[in-house]
Amino acid sequence: MTGGLQRAASTVLLVVVSFLLTALILWVSGYRVGTVLSGIIQGSITATGAATSTIRWTIPLLLIGLGVVIGFRAGFFNIGGQGQFYVGACSALVVSLGWREGPVPLVIMCGMIAAILAGMAWSLLPGYLRVQFGTDEVLTTLMMSFIGALVLQYLTAGPLRNPSGTGQTAASERIPEAFRITDSSGVSVTALLLVGGVAVLVWLLLERTRFGLTMTLVGRNPTMARWQGIDVRRVGLGTFALSGALSGLAGAVELYGPGARLVTGFSPEVGFTAVVVALVGMLSVWGTVVAAVFFGGLQSAILFLPIVTDLPPPALVLLHGMVAFLVTIKFRAVRRRRGGLAAKPVAG
Amino acid sequence: MTVPSGPASAEVPAVRCRSLGVSFGTVQALHDISLDLAAGRIHALVGQNGAGKTTLANVLGGLQAPDNGTVCIAGNQIPSGDVRAAKSAGLAMVHQHFSLPPSFTVAEALELTAARPESHSVYRRTELYRRWQNDVAEVGGTNVLATRIRDLPVETRQSLEIVRALASEARILLLDEPTALLTPAATDTLFERLRGLRDDGVTILIVLHKLREVAAVADTVSVLRDGKLVLGPSEISGVSQGQLSDAIVGPAPDTDRAIAVEAATDVEQQLLLELVRVSSRESAFEPGLASIDLTVEAREIVGIAGVEGNGQRSLVSVIAGLSAVTEGSVLLGGEEVTRAPPARRRLRGLRLVPFDRNSEGISRSAPLWLNQSALRLIGRRGQFPLISLRQYKRQASEAMDLWRVRYNTVAQPAESLSGGNVQRLVLSRELASGLEVLVAAQPTRGLDFSATNFVRSSLRGLRDAGAGVLLVSSDLDELFELSDRLLVMYGGGIVARFNAPFDRQAVGDAMTGALR
């Protein structure tokens with residue numbers, strides 16, 4: 001257990017270092033670091049509605065981040081959460097607009113299932129390419145993500161465009177208010193129960209089922225898994241499906257929650273930030289929960305900051321990048337160290 | 001022997017080291033080694049796995065910097081861990097694992113590793129062939145120059161490694177377990193070659209595993225045990241095999257009794273594994289199977305002999321269900337499993353000890369309990385989805401305790417175990433329950449004496465308990481000792497079948513395809 005604590009401590013340290021480096025860059029660029037820091041704290045915790053906003057952003061980050069954790073468990077790096085999130089939201093939107101008169105719980109259920117299936121499909125295509133042909137899933141999931149964004153753009157600017165909309169960006173019609181599970185704050189008991197339930201289910205799946213253990217073995221050594229009679233291809237496809245399903249579900253929650261309609265390019269960072277969330281969460285379920293809250297707070301602060309300083313919002317995205325950068329280095333270094341030890345000749 | 005010629009005189013030892021010490025973390029790999037190797041002789045270095053033989057060879061060759069101590073080659077002190085200095089002092093190494101790049105032609109590979117490459121960096125092929133034609137005269141002549149390394153038979157690759165070493169005009173040759181992959185006939189050829197080199201004045205240090213080989217080739221012998229030099233260098237004539245064996249194993253008698261293994265065979269079933277005219281596609285490294293017929297019955301160990309790379313891997317992976325059968329059928333316990341997935345075969349009682357235990361047998365980074373539980377994960381459809389980790393861990397620790405795996409906690413990664421303990425872990429999993437037929441591929445490779453004996457007695461126990469065992473090994477002594485029947489693979493087919501008692505020469509001939 002001390003090993004776990006140590007790893008957690010070193011991850012926290014990384015985040016602190018990222019903060020310091022970002023602060024340094026801001027300071028050199030002539031911003032007042034103190035103001036920015038207090039802005040972050042106000043924007044994520046203390047300002048009116050800030051804490052709610054933090055939780056609102058935690059929800060999609062957590063759902064997509066858990067998808068990344070699932071992928072990683074079996075050795076796959078699904079970074080296409082953004083696209084899976086978009087097609088999930090689109091599918092839920094199509095169901096909801098197409099069946100406006102339907103019984104509310106049933107429509108929401110169907111919308112969520114449609115979102116899950118769409119996310120799965122978006123993830124399964126790269127997954128199939130990976131297990132069948134060995135195509136690098138980092139590339140294919142990323143490319144699929146762009147396609148997903150274009151699907152969203154097509155739908156919101158084309159067939160599902162709100163004809164009475166006047167905004168500069170294309171947006172869809174709103175779904176009926178009755179279908180929403182939260183108000184525009186994006187936080188409600190239903191949403192929290194849903195996300196919490198998903199987190200518990202994912203934990204049970206990964207840590208307390210044979211399939212979860214099988215995924216771990218496949219992720220650590222597929223050759224050995226194959227010799228043990230494990231169908232590595234099926235485990236791989238299952239992993240991709242589950243991973244995409246969570247991102248798709250996140251899209252539906254976004255629509256039925258704070259969104260109510262879809263806007264071209266909404267929440268543009270969330271799928272990619274979720275990858276960082278999973279890495280900072282040390283690819284464990286509960287670690288990812290903590291990391292999602294942290295990054296949810298940052299996301300909330302990014303939106304709040306323009307109110308108190310003239311700092312452009314992308315400046316804080318710098319912090320995400322910094323954390324991602326350092327976490328990746330740490331990941332590599334740990335692997336290298338392990339490999340180095342193993343490679344050292346001890347036999348005579 | 002003839003009078004040594006060349007620069008090394010009989011007075012100055014070819015290699016002298018003083019107080020060498022090397023440690024890896026907490027492991028003391030070499031401890032205060034002082035050694036003189038006289039010029040123009042063949043010196044054997046023996047010891048168990050982990051005794052420090054490879055480390056010592058690496059230190060002498062400049063590949064490993066010692067923590068303390070000095071190395072002198074032909075009277076000149078070599079800066080610590082300096083490969084170039086060792087090379088230019090006339091020392092060349094032939095490694096345990098082949099070092100020539102498999103995708104290169106022989107001429108390219110030799111040019112790559114040459115001590116003095118020509119000054120220009122653009123070559124013409126014919127020019128390369130001309131330059132190296134004399135060097136390869138002994139290994140098959142100029143025809144071999146255009147062949148890619150990977151297409152050569154094992155013994156030719158071994159010879160080429162020596163050609164490479166000698167191309168640098170080495171006067172001292174270090175060979176690290178050169179016979180590990182060779183047939184008895186190829187080993188004899190190698191030894192003949194080494195004697196010729198010695199007679200030309202080359203000093204040779206050869207790391208060996210088998211006492212028979214030491215007696216066959218060495219002038220002197222030294223024994224390492226636990227990183228210490230416990231014997232020698234002594235004239236081979238002055239040491240008995242018994243003394244050597246005692247020095248290698250050490251004083252503490254190993255009381256590793258065999259484990260009572262249980263097999264799940266019901267007595268009626270006799271034919272446990274059957275291959276009927278099975279063929280398969282060739283892989284990158286091996287010929288495919290060529291119409292193989294094979295049976296394994298209850299209560300027998302069937303040995304598969306053969307030079308490595310003659311289809312043994314194809315055979316095992318066809319039985320395991322990891323590579324496809326193009327023709328013929330595979331039956332397990334009378335049930336046709338030709339197209340069945342690996343899991344189905346596992347459930348049917350097939351157990352496997354794979355060739356490479358570290359990559360195929362275990363997951364190095366996964367915890368011990370998960371490695372041990374792997375077989376519990378397959379084929380359990382329709383059961384309650386949630387499992388009790390505590391139960392899994394308890395079962396794993398019980399099994400590992402039974403097999404006397406040395407570990408601290410079930411949560412430690414498998415890579416923290418030594419080779420022998422890894423094999424115990426594999427056996428504790430594969431032999432735990434439901435076993436009807438075991439396919440054991442090189443189960444004792446790289447293990448020390450006591451671990452080897454342990455594995456062998458386990459296989460025997462398995463047979464006596466009623467199971468069938470298919471034993472694939474490149475250790476003829478092991479095959480002769482354990483097998484009830486012996487089949488020899490050559491070029492993907494079974495070319496000879498023997499019953500005990502076995503004729504070493506006849507088996508060797510079949511392995512090499514020799515005609516007498």
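Chain A is the first sequence line, chain B the second, and so forth, proteins listed ahead of strands; every chain is numbered from 1.
For a residue to count as touching a neighbouring chain, one of its non-hydrogen atoms must lie under 4.5 Å from one of that chain's; by this rule Leu56(B) does not touch chain A. Proximity to chain A (any heavy atom under 4.5 Å) is restricted, for Arg429(B), to the side chain, taken from C-beta onward. For Leu352(B), the part lying under 4.5 angstrom from a heavy atom of chain A is the side chain only. Contact annotation for Pro354(B): both backbone and side-chain heavy atoms come within less than 4.5 Å of a heavy atom of chain A.
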Under 3.5 Å, which donor-acceptor pairs link side chains of residues 236-253 of chain A to any protein atom two or more places apart or in another chain?
{"from": "Thr239(A)", "atom 1": "OG1", "to": "Val235(A)", "atom 2": "O", "distance (Å)": "2.6"}
{"from": "Ser243(A)", "atom 1": "OG", "to": "Gly67(A)", "atom 2": "O", "distance (Å)": "2.8"}
{"from": "Ser243(A)", "atom 1": "OG", "to": "Asn78(A)", "atom 2": "ND2", "distance (Å)": "2.7"}
{"from": "Ser247(A)", "atom 1": "OG", "to": "Gln84(A)", "atom 2": "OE1", "distance (Å)": "3.4"}

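Geometrically, Arg376(B) engages Tyr392(B) in a cation-pi contact defined by less than 6.0 Å to the ring centre and at most 45° from the axis.
Ranked by heavy-atom pairs shorter than 4.5 Å toward chain B, the options Thr216(A), Leu217(A), Thr223(A) are led by Leu217(A). For chain A, the option among Pro342(B), Gly321(B), Ser363(B), Ala343(B) with the highest count of heavy-atom pairs below 4.5 Å is Ser363(B).
Note: Phe72(A) and Phe77(A) have tilted aromatic rings, judged against thresholds of 30 and 60 degrees for the angle between ring planes.
For residues 111-127 of chain A, no pair satisfies side-chain hydrogen bond (donor to acceptor under 3.5 Å, both in side chains), with sequence neighbours left out.
You'll find the side chain of Ser222(B) reaches within 4.5 Å of the side chain of Leu35(B), heavy atoms only.
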